[in-house]
Protein chains: 2
Amino acid sequence: MGLPRSCLLQGDITDSERLTGRGSSSARTLYDVAREAGVSTATVSRVMHGQEGVRPSTRRRVLEVIEALGYVPDSSAQSMARRRKEVVGLVAIESRGPQTEIEHEGLLFIEEVLRGVESSLSSLGWPVLISVRRAADDAGDYQWLQKISAKVDGLLIAEGIEPPEDLARLAARIPVVLVSGSPDERHADVVHADNRGGATAVVRHLIEQHGKSRLYYVGGPHEAPDARQRRGAVEEEIARHPGVRLTGSFEGRFATVSGQLAVREILAARQLSDRGDAVPDAVVCANDQMALGAMRELQAAGIRVPADIAVTGFDDIYLGALLAPPLTTVRQPMRRLGERACDLLLDRIADPALPHRVEQLPTELVVRESCGCHGPAAGPA
Amino acid sequence: MGLPRSCLLQGDITDSERLTGRGSSSARTLYDVAREAGVSTATVSRVMHGQEGVRPSTRRRVLEVIEALGYVPDSSAQSMARRRKEVVGLVAIESRGPQTEIEHEGLLFIEEVLRGVESSLSSLGWPVLISVRRAADDAGDYQWLQKISAKVDGLLIAEGIEPPEDLARLAARIPVVLVSGSPDERHADVVHADNRGGATAVVRHLIEQHGKSRLYYVGGPHEAPDARQRRGAVEEEIARHPGVRLTGSFEGRFATVSGQLAVREILAARQLSDRGDAVPDAVVCANDQMALGAMRELQAAGIRVPADIAVTGFDDIYLGALLAPPLTTVRQPMRRLGERACDLLLDRIADPALPHRVEQLPTELVVRESCGCHGPAAGPA
DNA sequence: CTGTTAGCGCCTTCAC
DNA sequence: GTGAAGGCGCTAACAG
């Protein structure tokens with residue numbers, strides 16, 4: 001502690017033992033800096049954090065040593081001492097299913113959410129710890145979540161629902177916010193879009209503006225709350241219109257390939273009974289990726305969209321507007337979902353005692369051409 | 001320490017003080033478990049890690065307490081003790097520029113890389129710490145990198161090059177791998193695609209298969225090494241063909257809007273001189289996003305692609321095949337890039353003394369229709 | 001203004 | 001088999 005501090009009082013720092021940052025192989029600690037600068041660790045800590053009450057000359061000296069040694073505080077140690085990690089986690093559990101089309105599974109959604117999270121975090125400068133669990137072996141899920149949860153101050157969970165009791169246990173230990181989760185969830189805060197309103201709007205548009213009467217529904221996995229809401233709303237809206245019926249449906253996994261498979265079922269059914277009313281005049285999909293798959297498969301079979309069959313999606317991913325024909329869909333503010341979820345999470349991290357919150361964001365019908373409208377045309381019904 | 005261990009020997013765990021996980025408001029520690037189980041922390045630690053040398057009955061008892069208490073080891077403490085964080089970082093620095101079109105900047109690349117990283121990490125179960133720095137104020141960049149670097153065992157840096165000296169300092173403290181970085185970088189390992197080969201191939205295709213002779217180049221930011229390589233190769237290949245020339249070029253930022261801006265320049269120039277040879281017969285873009293922007297702007301101006309002007313991209317993002325016309329491009333294995341980069345990083349984390357490595361991955365010309373070929377047609381030149 | 005001194009929660013070597 | 005004890009690097013009182 002009482003080392004010859006004089007040895008680097010002014011500018012001759014580079015002379016003392018391997019100071020030039022060369023010896024960087026070994027990580028430097030607060031103690032190294034303190035010793036080298038001839039002060040206590042408390043002072044170095046104060047300087048590092050730009051706190052008041054340090055004589056300017058001392059501060060300068062310490063700063064020089066920090067710079068020379070290339071000192072960077074270890075974040076584990078900091079987290080431990082100040083009991084905060086300054087990291088939030090974003091996790092997604094991909095819906096189970098055959099390992100086809102891993103490529104473009106449901107990630108587009110997560111990625112958009114991630115942007116929102118990032119932007120909400122940018123002021124704080126906290127990074128995001130991200131982990132996607134694919135091909136889940138149910139049992140391991142909770143373990144994995146635990147492990148992640150130990151590395152962050154709070155967790156954002158998207159697209160994937162743990163057994164409620166697991167979620168409860170998790171949320172009891174650490175702040176958790178569900179992105180696009182069920183609004184009925186009582187164990188964690190939730191941010192979700194108005195899925196019912198959106199689904200109702202497309203279906204109504206198809207029926208009332210285009211006179212469609214034989215709808216086929218391509219839904220998402222039944223475990224996904226947003227998929228359940230959409231399906232429910234679609235069925236209800238159809239029921240509300242006499243003469244309109246659901247000719248069939250398919251449970252997909254929000255992947256492009258699901259849309260293709262659904263269409264194959266439709267085509268197969270057409271083969272069997274040649275009564276024209278077996279084939280739908282509109283295919284309503286629970287997300288854009290499946291709509292894309294459906295459209296391609298339809299077109300590949302020589303069926304025109306929307307002339308022969310209309311197709312609609314949900315989400316409004318970037319790609320939708322670029323397709324031929326441009327996709328009619330329901331816009332869900334994915335990015336905003338991420339932002340809000342992250343805001344709620346930060347609030348709760350700051351005060352874990354906060355009352356339970358659920359937030360719904362609006363959706364909006366985006367009419368393009370795949371429904372049968374043409375060009376930059378008519379608005380919603 | 002010498003607590004009445006008998007109180008929960010068998011199954012009456014739920015009786016001892018608030019064991020049922022209800023009191024979960026306060027985080028449990030190894031000590032809590034040890035005390036409750038009537039053993040030392042060392043034993044609990046052994047059990048947690050499934051180590052040998054623990055009497056089965058003891059193990060069971062400890063396990064029960066762990067379960068009952070909902071104990072999850074704190075990762076900061078673990079990191080500290082075992083001097084490893086089990087997290088790798090992925091960072092990107094978005095190229096500076098006007099804050100237009102933040103939406104779909106260059107992220108598509110990162111996201112694809114992320115998938116590779118994720119998959120390479122999935123066996124270890126390590127998560128990825130991700131942080132994108134936008135609207136960079138140069139000075140803060142290094143600070144920010146330092147902060148991130150303190151939270152991970154190794155860093156993957158994509159699309160964005162720090163001043164070399166900063167990189168050197170960073171890499172001296174912690175393993176760093178550049179994704180799509182300059183193969184000449186000596187301070188960190190690098191994984192990159194064969195940008196020169198790919199760029200050469202498209203240009204040659206345009207010239208030799210389609211007889212194009214007036215090329216316009218829409219490049220990426222000059223700070224990006226991959227952008228530089230592509231530009232260099234394009235120019236060289238043009239020079240190699242007498243009678244073919246570069247009618248102009250534009251320095252974009254890999255964003256959709258850059259492609260649009262570039263085309264506006266082309267159109268503006270056309271207004272001025274009405275000599276037909278002022279306008280290019282092909283627009284070569286340094287990535288698909290810019291090609292997309294260029295194509296849309298061209299089409300919006302009533303110019304047919306590829307009939308009037310051919311357009312090509314680079315990367316082969318998913319979207320490219322879905323455009324009208326489908327985009328001719330150069331496939332770069334982005335996902336694989338992420339995988340390999342991550343593998344190299346893990347190697348280096350395991351052994352920091354490893355020799356410096358640079359790895360090149362192949363690119364491949366993907367001929368579709370925007371170049372003038374039709375349907376699923378002819379291969380490369 | 002600056003230094004001393006406890007922890008933070010876990011791992012691990014070394015005794016018993 | 002199991003326990004005791006010394007770190008890991010930093011922060012935050014609490015004294016001077």
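Here the structure is a predicted model, which is why all the values come from computation and not from measurement. A note on names: the letters A, B, ... follow the listed sequences, proteins ahead of strands, and every chain is numbered from 1.
With D/dC10, C/dT2, D/dG9 as the candidates, the nucleotide lying closest to the side chain of A/Tyr71 is D/dC10. Residue B/Arg82 has its side chain nearest to C/dC11 when only C/dC11, C/dC10, D/dT11 are considered. Closest to the side chain of A/Ala81, from the set C/dG7, D/dG3, C/dT2, is C/dG7. Closest to the side chain of B/Arg83, from the set D/dT2, C/dG9, D/dG9, is D/dG9.
A heavy-atom distance below 4.5 Å is not found between the side chains of A/Asp74 and A/Thr29. B/Arg173 is listed as a side-chain neighbour of B/Gln146, based on a closest heavy-atom distance under 4.5 Å.
Considering only side-chain N and O atoms, B/Gln78 lies nowhere under 4.0 angstrom from the phosphate OP1 or OP2 of C/dG9. For A/Ser40, a side-chain nitrogen or oxygen approaches OP1 or OP2 of C/dG3 to under 4.0 Å. In this model, the phosphate group of C/dC10 is not approached by any side-chain N or O of B/Thr41 to a distance below 4.0 Å at OP1 or OP2. For D/dG3, the OP1/OP2 oxygens have no side-chain nitrogen or oxygen of B/Tyr31 closer than 4.0 Å. A sub-4.0 Å separation between OP1 or OP2 of D/dA12 and a side-chain N or O of A/Ser45 is absent. Residue A/Ser76 places none of its side-chain N or O atoms closer than 4.0 Å to OP1 or OP2 of D/dG9.
To the nearest angstrom, P of C/dC10 lies 10 Å from NZ of A/Lys85. One interatomic measurement links the two molecules: NZ of B/Lys151 to P of D/dG9, which rounds to 17 Å at whole-angstrom precision. Regarding B/Arg61, its CZ atom lies at a distance of 15 Å from the P atom of D/dG1, rounded to whole Å. Going from atom CE of A/Met80 over to atom P of D/dC10 covers 13 Å, rounded to whole Å. Atom-to-atom, CD1 of B/Ile66 to P of C/dC10 comes out at 11 Å; the value is rounded to the nearest Å. Note: CE (B/Met48) to C1' (C/dC11) measures 12 Å, nearest angstrom. One atom, CZ of B/Arg84, and another, P of D/dG7, lie 22 Å apart when rounded to the nearest Å. If you measure from atom CG of B/Leu30 to atom P of C/dC10, you get 5 Å, rounded to the nearest angstrom.
Contact detail for A/Ser120 and A/Asp343: the closest heavy-atom pair is OG-OD1, 2.8 Å. Nearest heavy atom pair, residue B/Pro175 against residue B/Arg348, reads CB-CG, 3.8 Å.
Counting non-hydrogen atoms of other residues, nucleotides and ligands closer than 6.0 Å to CZ of B/Arg186 gives a total of 12 or fewer.
Applying the 3.5 Å distance criterion, the base of D/dG3 shares a donor-acceptor pair with the side chain of B/Arg46.
When heavy atoms are screened at a 4.0 angstrom cut-off, A/Thr58 is found touching the sugar-phosphate backbone but no base atom.
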